[in-house]
Structure formats: C-alpha cells, structure tokens
There are 2 protein chains.
Amino acid sequence: MKNATISDIAKRAEVSKATVSRVLNSPEKVEQGTRLKIEQIMKELSYTPSATARNLSKQVSSTVGVIVPEISNSFFGELFSGIEEIVNKNDLSLLYCSNDDDEEKDMTALALMDTQRVRGVLYVPAVNYEAVGKRKEIERMLAALKCPVICIDRDIGLPFDTVHFDDKSALRQTVVTLAEKGCSRIAIINGNNRSNVLASERYEGYLEGLKEAGLPLDTSLVFHGEYHRGYAYETTKQLLKRKEQPDAVITCNNSLGRGYLQAVYEMGRQNTYTHVSLDRIEMLDILGISHNYIERDSFELGRRAAELLVGRIAFPERETQNILLEAPLIRETF
Amino acid sequence: MKNATISDIAKRAEVSKATVSRVLNSPEKVEQGTRLKIEQIMKELSYTPSATARNLSKQVSSTVGVIVPEISNSFFGELFSGIEEIVNKNDLSLLYCSNDDDEEKDMTALALMDTQRVRGVLYVPAVNYEAVGKRKEIERMLAALKCPVICIDRDIGLPFDTVHFDDKSALRQTVVTLAEKGCSRIAIINGNNRSNVLASERYEGYLEGLKEAGLPLDTSLVFHGEYHRGYAYETTKQLLKRKEQPDAVITCNNSLGRGYLQAVYEMGRQNTYTHVSLDRIEMLDILGISHNYIERDSFELGRRAAELLVGRIAFPERETQNILLEAPLIRETF
DNA sequence: CTGAAAGCGCTTACAG
DNA sequence: CTGAAAGCGCTTACAG
C-alpha cells in the first residue's frame with residue numbers, strides 16, 4: 001500500500017490541493033470548518049507530507065550533512081551528539097558520512113552532500129593530506145557546493161566559518177606550567193607535523209611554551225609519528241631505556257595517550273614521568289588513577305558548530321566567524 | 001549561483017532532457033557522439049543531478065534511516081560504523097536520528113523516517129517502556145511505515161527481521177563456567193528486569209545458569225536497578241560491607257561495569273571477587289589489568305543488520321530472518 | 001478564503 | 001537512437 005498524497009486528501013475533502021497544502025503551511029489562512037475537515041481526513045488516511053516533494057518544490061532541503069573521520073572514536077561520537085542536539089532543535093535532520101581521515105573518501109562524502117542538496121554541511125576535514133593535488137580538488141568541490149560549510153576541529157585555511165580548540169595555547173600553557181613546577185626536559189609524542197595540521201599546531205604551541213619558559217629545544221625529546229596507539233607505545237618503551245631521561249611527557253591525542261599508558265604500565269614504570277594527555281581519559285578516573293590532561297569539551301564543539309551553521313543559514317551575508325574554544329589544563333598530579 | 005539542471009544541459013547540448021537523463025541512467029542507449037558532447041557540457045557546468053528530484057521521480061529514496069539510543073556511547077558508535085560500512089558499499093546514504101532510549105523521541109524519530117520516505121530503517125528500539133500505551137503507538141507507526149525495518153539489539157517482539165546478541169546464553173554460560181571453577185555465590189548487577197527487555201533476557205540466562213549448575217537462587221545477590229554507573233557503584237559499595245559475601249559478580253552492561261570497578265578500586269578491593277563484565281573494557285587491557293568479559297562485536301552487529309536490510313530491499317517477500325550473534329565468554333583471571 | 005495552473009528537476013513509457 | 005509529454009507530490013503567486 002502506498003502513502004496517501006495531497007491529491008487523495010483533496011479528493012476526499014472535496015477541495016483543491018492548494019487548500020490542503022495551506023492547512024499544512026499556513027493553516028490560519030484556511031477557514032476553520034474546512035481545516036478541521038481536512039485534518040480529520042489526514043488522520044484517517046494517516047497522511048504525512050513527503051519531504052522529498054516538499055524540498056523539491058520549495059527548493060530548500062531540511063537536512064544538514066555531517067562529515068567526520070570516524071564515529072566510533074568517542075571524540076567524534078561526542079562531537080556528533082552535540083551537533084545533533086542543536087540540529088534537532090532547529091527542525092533539521094542529519095545526513096551522516098565518514099571520511100576515515102582519507103582524502104579520497106572526503107571527496108566521495110562531499111559529492112554526496114552535493115547531490116543530496118543539503119542545507120549546509122558540518123565538516124571535519126580529513127587531515128592526512130600528502131597529495132596537494134587532492135587538496136585542491138577538495139577545495140574546488142567545497143567552493144562548488146551551493147550551501148554554507150562549517151569547518152570543525154581542523155583549520156586547513158578554508159574561507160568558511162570555523163570552530164576549533166585552541167590546542168596551540170593549551171600546549172604552550174602546559175609546557176609553561178610543567179616548567180614552573182620544575183620540569184625541564186619535556187618530551188612530546190605527536191602526530192606527523194608535516195602532513196597533519198593538528199600536529200603542527202600542537203608542536204608550535206610546544207615550541208612557544210619552551211621559549212616562554214626559557215627552556216632549550218631538545219629534538220631528542222620530540223617525536224613525530226602517526227596518531228596511533230602503537231606509535232606512542234613503541235616510542236615510550238624506547239624512551240624508558242634511554243640514558244638521558246625526560247621528566248615529563250605530553251601525548252597529543254587520545255590514541256597516543258593510550259599507547260603511552262600501555263607502555264609505562266607494562267614496564268611497571270607508571271610514576272616515572274609527569275604525564276599530560278590531550279583529552280581526559282575517563283577510565284583512569286574510574287580506576288582512581290590521577291592524571292593530568294588538557295580538557296576539551298567535544299560536545300560543546302559540536303554544539304557551537306551547529307549553532308554557527310544555523311546562524312549562517314539565517315544570515316547568509318554575515319561575516320565569517322572563527323571560534324576558538326579554550327582547552328584548559330587540568331592538573332591532578334603535579 | 002544556482003545548481004545547473006538537466007534543462008540547462010539539454011539546451012546547451014541542443015538535445016532533449018530525455019537524452020540527458022539517459023546519459024545519466026542508461027548511457028549505452030545514447031549514441032556515442034552525443035553522449036560525449038553531453039558529458040563534456042556536464043563537466044563544464046559542473047552538473048550533478050539532484051537526488052531530491054530523482055527520488056521523487058523514481059519514487060524511491062537512496063537513503064536509509066538509522067535510529068539508535070545515543071551515538072556517544074561507544075557500543076552504538078561501533079554499531080553505527082558497522083552499518084555505515086555496508087550501507088556505503090550499496091550506494092545508500094544514512095539519515096541519523098537518536099532516541100535517547102526514550103519512547104517520546106523514538107516516536108519523533110519514526111515520524112522523521114516516515115516523512116523522509118527512507119528506503120528502510122535500522123532500528124534500535126528505546127527500551128525504557130513503562131507506558132504500554134506508547135509502545136502500542138510505536139508499533140502502529142512502525143506498521144504504517146512503507147519500508148522495511150530491521151530491529152537491532154533488542155527483541156521487543158516486533159514482526160521484523162532482527163539481529164541481536166545471544167545475551168541469555170552468554171549469561172547462562174558465564175554462570176555455569178563460574179560454578180565449574182568453584183564459585184557458588186554469584187551476584188548479578190543488572191538493569192530493571194521488569195521494564196527493560198535486555199535486563200530480563202540477561203536475568204533469565206542467569207537463572208538458567210544457576211539451574212544448570214545446580215546452584216540455588218539467592219535473591220540477596222540479585223540487583224535490578226538502572227543501567228547507570230552510579231547504580232553499580234552504590235550497589236558494589238554495599239556489597240563489600242556485607243557479612244555474607246559473594247565470590248563472583250557479573251555486571252550486565254558497560255556502565256555498570258565501570259561503576260563496579262570504580263567502587264572496588266576506591267576501596268582497594270579489586271581482587272575481592274571474580275568479576276565478569278558484559279563487553280570488553282579496552283582501557284583495562286591497556287593498563288595491563290586482566291579481566292573477564294562477555295565479548296560482543298558491535299561492529300559485526302551493525303554489519304549484519306545492514307546486510308539484512310539490503311537483502312530485504314532486494315527480496316521484499318522473503319521470510320523474516322532472526323539472527324542471533326554469539327557472545328563468547330573470555331576468561332583471563334579464573 | 002479558495003481554486004486553477006505553473007513549476008521544482010528529474011524519469012519513463014510511447015511513438016517515431 | 002531521440003524527443004514530446006506526462007507524471008512524481010508538493011508549493012505558490014495569481015485571480016477571484
């Protein structure tokens with residue numbers, strides 16, 4: 001059995017389709033008697049208007065696209081939840097697409113958003129761009145999109161509204177605070193600072209912190225690899241064997257933090273260094289293990305991004321907004 | 001600037017809209033020369049067909065709806081990832097909606113799916129149904145949906161294809177194994193077995209296990225509360241003070257597992273009971289803390305559900321499938 | 001307050 | 001292989 005249409009209702013109610021449409025869109029313009037009658041019939045036939053038809057006719061969509069690297073990572077899961085909260089409040093729905101931090105999939109995702117004619121897109125760009133050619137292609141696709149785009153979490157220099165955390169300040173602040181508390185050899189385990197914007201931002205903050213604290217840069221304490229657990233695990237194990245020991249270690253994302261912990265616990269060396277992780281690690285709290293972390297509210301990141309989009313939809317001509325969210329350092333062990 | 005339409009292309013190429021449409025849908029029916037010319041023009045105008053218009057015209061949608069309780073819970077995040085994998089392979093896109101395990105939101109979500117005319121829905125029903133009236137209403141809405149529905153993770157007795165884990169067997173197996181290894185006083189911390197299907201399934205498994213092992217039911221070891229961390233935390237703290245101690249504790253979801261751990265670690269009593277949690281707790285592995293758990297592959301759950309939907313779309317008349325996934329007990333400490 | 005008509009961007013028998 | 005025309009389910013000026 002097929003869905004009832006506006007024509008079915010019109011026929012049954014002995015009115016025109018226009019009138020039925022009006023009770024949907026501007027009921028105050030319809031005489032009460034006919035309105036009631038039409039509503040009654042709608043109920044009987046359990047009529048619901050087709051969003052597809054409405055969108056085509058009105059030439060706007062009621063859905064918003066979201067592109068994130070991977071939803072099974074809790075950081076993005078929470079980001080997504082924050083987005084949903086605001087999007088639902090504004091009677092929009094959510095089309096989801098992941099990009100796996102891969103530029104090819106990013107392009108596929110963008111193509112989908114285009115063909116779906118979404119109202120706007122909330123976009124966490126893939127950041128493992130090695131090939132500049134693809135990046136250019138992505139920029140072209142973004143420009144071709146006829147809807148507002150909000151760029152989230154990673155600043156890849158696009159001319160859109162943006163929201164991200166101020167990781168650079170957070171890293172700087174962390175280094176300065178560690179130094180104040182007596183650390184002088186501060187190691188950093190980070191992603192690839194050449195191909196990954198996030199990693200280079202964080203590294204810059206680290207450098208600024210050293211300078212501010214009057215500490216020299218010791219490149220033997222700087223580790224740029226992949227944002228994977230295994231990289232931090234191996235690095236930390238090496239570090240533990242060194243002659244010249246650091247006194248503090250900063251891990252620059254949640255996978256690296258886990259790898260670090262895995263290594264120090266495995267070696268029974270959990271109290272060797274002062275450790276600061278980027279993002280809280282909830283399970284440590286649960287186990288009653290104190291730790292230090294840079295706190296980033298990913299729900300809030302999502303909410304702010306979605307609000308930015310809603311604002312942009314309402315005021316297409318307003319100036320580009322760039323929101324920087326604070327990421328405070330939480331100290332529990334030093 | 002607006003998107004180019006099929007008419008724009010047709011005009012420029014001096015052919016009819018039908019021909020342009022053909023190069024999109026059945027290019028082999030178009031003479032090579034005209035096809036090439038049209039494709040060229042499409043590129044020049046960076047034309048992409050509107051999914052909205054196409055869906056309306058073809059009377060089918062290319063998007064699939066997903067309703068899950070909350071994406072920020074990693075269990076559902078992983079489930080969702082599994083779904084996405086299959087859905088993308090089949091050239092479908094994903095409309096996301098959460099229900100917060102709340103029946104009101106469940107209805108909102110279903111209404112959205114209806115109005116969006118999705119191709120099918122992957123549905124994890126909210127399970128905190130106190131009011132039977134609402135449940136009936138939800139069943140009515142599901143029946144009214146003109147598309148296939150796959151019911152995931154919770155068997156609420158709906159006449160659809162289903163996939164879930166065999167928690168009942170897993171619990172039975174767990175109790176039997178614990179008994180074999182010498183435990184005789186096995187506590188269970190569970191959700192509300194009256195209002196929550198999952199909780200009652202798990203409790204049944206527990207009861208079966210006791211029977212099979214020849215152990216008596218001691219109701220002072222049975223805890224039915226909320227699936228929240230705080231409930232397990234409080235319960236465990238009480239338990240630790242008791243005179244008559246259990247020798248094993250089973251926690252029936254990941255929040256409860258965390259609450260249990262929080263309590264035993266806080267009291268420094270982490271080795272008091274043999275603990276089995278439902279679902280692996282990754283952080284424990286990382287910290288090198290052995291634990292026992294019932295393993296459920298939530299990615300696989302998502303994949304299977306999506307495959308079921310794809311199959312149902314292809315063969316609408318095939319018999320209802322009910323898939324039960326195994327959830328093996330992994331023992332590390334006993 | 002209501003209806004006839006055109007239009008949104010596509011697809012698809014039908015005829016040639 | 002191609003085009004004219006009708007149709008998908010709505011909305012919206014326009015006229016009354």
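Letters A, B, ... mirror the listed sequences (proteins, then strands); counts begin at 1.
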- With B for base contact, S for sugar-phosphate-only contact and - for none (protein heavy atoms under 4.0 Å), nucleotides 8-16 of chain D reads BBBBBB---
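- In summary, the side chains of A:Thr48 and B:Asp114 do present a donor paired with an acceptor at a separation below 3.5 Å, with no hydrogens or angles considered.
- Looking at A:Ser98 and B:Glu84, their side chains do bring a donor and an acceptor atom within 3.5 Å of each other.
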- Could you go step by step and tell me if B:Glu307 and B:Arg303 meet the salt bridge (charged side-chain N to carboxylate O under 4.0 Å, His left out) rule? CA-CA 6 Å; B:Glu307 281 166 1; B:Arg303 270 182 236 114; over 6 Å; no
- Query: Given Watson-Crick or G-U pairs with both distances under 3.5 Å, what dot-bracket string fits DNA chain D, with | for other-strand pairs and [ ] for crossing?
  - Reply: |||.||||||||.|||
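- With respect to A:Asp161, the side-chain hydrogen bond (donor to acceptor under 3.5 Å, both in side chains) criterion is satisfied by exactly one of A:Arg312, A:Gln321, A:Arg318: A:Arg312.
- A:Gln32 comes within contact range of no nucleotide atom at all, as no heavy-atom separation falls under 4.0 Å.
- Ring geometry for B:Tyr96 versus B:Phe80: interplanar angle over 60°, hence perpendicular rather than tilted (30 to 60°).
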- Message: Between A:Lys43 and A:Glu39, is the salt bridge (charged side-chain N to carboxylate O under 4.0 Å, His left out) condition met? List the steps.
- Response: CA-CA 6 Å; A:Lys43 245 183 206 152; A:Glu39 285 170 347; over 6 Å; no
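- Distances shorter than 4.0 Å separate some side-chain N or O of B:Thr19 from OP1 or OP2 on D:dG3.
- Rounded to an integer number of Å, the gap from A:Glu14 CD to C:dG3 P is 10 Å.
- In this structure the side chain of B:Ile41 reaches within 4.5 angstrom of the side chain of B:Lys37, judged on heavy atoms.
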